[in-house]
Amino acid sequence: MIPTTASGTAPAASAFVPADLDAARWENLAPLYQALLDRKVDGVDGLRRLLLDRSELDSAASETQTNLYINMTCHTDDEQIKAAYLDFVERVEPKLKEAGFELDRKIVGSPHADGLDRRRHEVLLRDLQADVAIFRQENIPLQTEETKLDQQYEETCGAMTVDFRGEERTLPQMARFLEETDRATREEAWRGIWERRYRDHERLSEIFDRLVGLRAQVARNSGFASFRDYMFKRKHRFDYAPADCEAFHRAAEEVCVPVLRRLNARRREALGVDSLRPWDLAVDSKGRPPLRPFDGAEELIEKTSRLFHRMEPSLGTMFDSLRGGDCLDLDSRKGKAPGGYQAHRDRSRKPFIFMNAAGLHRDLETMVHEAGHAFHSILCNDEPLLHYRHAPLEFAEVASMSMELLSFPYLGEFYDEAQVARAKRERLEDLSALLPWVATIDAFQHWIYTHPEHSRDERTAHWLELDERFGAAVSWDGLEHYRQMSWQRQGHLFGVPFYYIEYGIAQLGALQLWLGFKADRARAIENYRRALRLGGSRPLPELFEAAELTFDFGPDTVKRLMDDVQRELDTLPL
Ligand SMILES: [Zn+2]
């Protein structure tokens with residue numbers, strides 16, 4: 001099969017990396033990495049060639065890992081496939097890290113680095129310098145240990161099931177009962193879920209304690225006072241600091257939480273209950289049945305294609321390029337991992353979208369969200385440097401989240417008029433819960449890693465404080481023991497520390513893009529395409545600027561945007 005990009009052109013082949021390289025085996029990769037390390041670079045052209053050859057080799061390794069991961073998530077019940085993935089993680093990935101570090105050091109230490117075009121290479125060199133500065137050989141086994149602990153977390157949560165109404169059900173499967181209009185059913189389901197989680201809370205706390213300890217050690221090894229400061233450098237957060245995150249927390253508290261509490265009060269009245277309980281949050285407060293936008297993946301693809309063609313023909317064409325190839329696996333079925341994601345095959349330059357569609361409105365949102373990530377991948381396909389083919393997450397999520405909002409005018413492909421208004425209202429009202437939740441998780445991590453010696457009781461106390469500050473106005477009467485451990489359901493805390501504020505930053509970017517789109521659709525789409533095409537080649541503020549967005553997440557920006565959201569909500573029926 002000849003890999004082609006969406007525009008129909010094959011990516012430039014690298015003579016350095018054999019087309020049929022089996023990158024699943026380190027013994028095949030090792031001589032190529034060694035050749036790059038041994039190569040004598042005697043001029044700036046030689047350094048440029050090294051960058052390109054390294055990029056192609058990294059792409060081959062990355063695509064192999066991506067394919068192994070895709071295969072595993074599509075067949076979680078196949079032991080051989082799981083073993084092949086784990087084999088790569090345990091035997092190839094650590095070697096790649098070491099070789100990667102040596103190459104980073106060779107590149108930033110090269111006397112010819114100064115001769116490279118400054119604007120073109122500044123982000124690359126800045127990132128590699130940071131990576132070299134924090135790299136420590138002794139951290140590699142600690143990081144493998146971290147990955148293994150996260151696997152234990154995933155495994156523990158993945159094994160959680162509830163016997164409900166005569167059937168054994170996974171927790172994701174239980175979620176639909178929380179949307180039931182019968183309150184007793186919701187309560188029974190909610191208690192089932194949380195009792196099951198509670199049974200493992202000690203075990204999960206132990207895993208978390210060990211992760212915090214390991215992470216503090218990693219930071220110390222790299223010469224940082226805290227894991228927070230280490231992570232700001234490792235995540236290449238050059239354009240904002242912890243103080244900016246704290247400003248976002250204040251914005252969520254001052255602007256969004258009052259709206260959230262008002263909506264909760266309205267919900268309580270609409271449901272006709274004395275006090276709102278945690279099982280009252282997911283049901284439609286008017287008692288309408290859940291939205292059912294499509295039946296089966298084929299219908300989802302067909303309708304989404306029409307939606308994007310109406311939004312802008314080139315987006316429709318990009319979406320259609322995903323059809324027919326092995327780029328989509330959408331339907332939920334036994335043996336598939338939960339959730340949804342978009343992954344890019346870096347060498348063949350082909351996106352892949354994975355999800356568990358079951359005909360819910362959430363699935364439709366996931367579809368247009370992941371399509372936004374795929375557009376990003378496709379628009380960066382001609383970029384020769386792998387490092388620039390991926391944008392930082394703070395902007396990558398603008399590409400996807402904005403598609404959820406920009407699709408509003410075309411939801412008629414799935415719904416009648418009243419249903420469209422309902423879907424828009426739900427999405428916009430959710431913002432007043434989403435941003436405070438982002439603030440909660442982010443603030444919790446800042447506290448955890450700047451207080452690495454904390455006891456479990458102190459951790460619980462701090463969590464409750466944050467939930468009081470940012471949470472919904474619900475009564476936890478008699479449920480306090482569940483509330484205390486409710487942070488454990490957020491997997492990011494275990495697997496990808498400090499990854500969460502990105503959703504808040506990106507959501508604000510997506511909102512700005514949507515407001516621009518309402519004023520001038522063609523211009524907003526042009527801005528979107530222009531900024532996405534930059535990939536990760538420019539600093540974060542410039543990526544936002546290229547889309548005519550402000551890179552800011554303080555109280556003034558949040559207030560201005562939430563006021564605009566409120567104005568839109570005022571035009572929609574209650
Ligand atoms: Zn996303």
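Remember, it's 1-based here, ligands and their atoms both numbered in the order they're listed. Keep in mind the model is a prediction, meaning the values are calculated, not measured.
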Take atom CG in Asp295; do more than 12 heavy atoms of anything else shown fall under 6.0 Å from it?
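No.
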
Short side-chain donor-acceptor distance under 3.5 Å, Glu397 and Ser400
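Yes - a donor-acceptor pair under 3.5 Å links their side chains.
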
Tyr388 (side chain) donor-acceptor with Arg120 (main chain) under 3.5 angstrom:
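Yes; judged by distance alone, with no hydrogens or angles, the pair exists.
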
Less than 4.5 Å apart, side chain to side chain, heavy atoms only: is that true for Arg197 and Leu171?
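The answer is yes; the side chains approach within 4.5 Å.
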
Report the protein N/O/S neighbours of the Zn ion (ligand 1) that fall below 2.8 Å; do not count waters.
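Counting only protein N, O or S atoms under 2.8 Å from the Zn ion (ligand 1), the list reads His369 NE2, His373 NE2, Glu397 OE1, Glu397 OE2.
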
Going by the salt bridge (charged side-chain N to carboxylate O under 4.0 Å, His left out) test, which pairs reach into residues 546-558, not counting sequence neighbours?
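Output for this query lists Arg523-Glu548.
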
Nearest atoms (heavy-atom pairs only) where Lys82 meets Met72:
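Looking at all heavy atoms of both residues, the shortest contact is CA-CG, 4.4 Å.
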
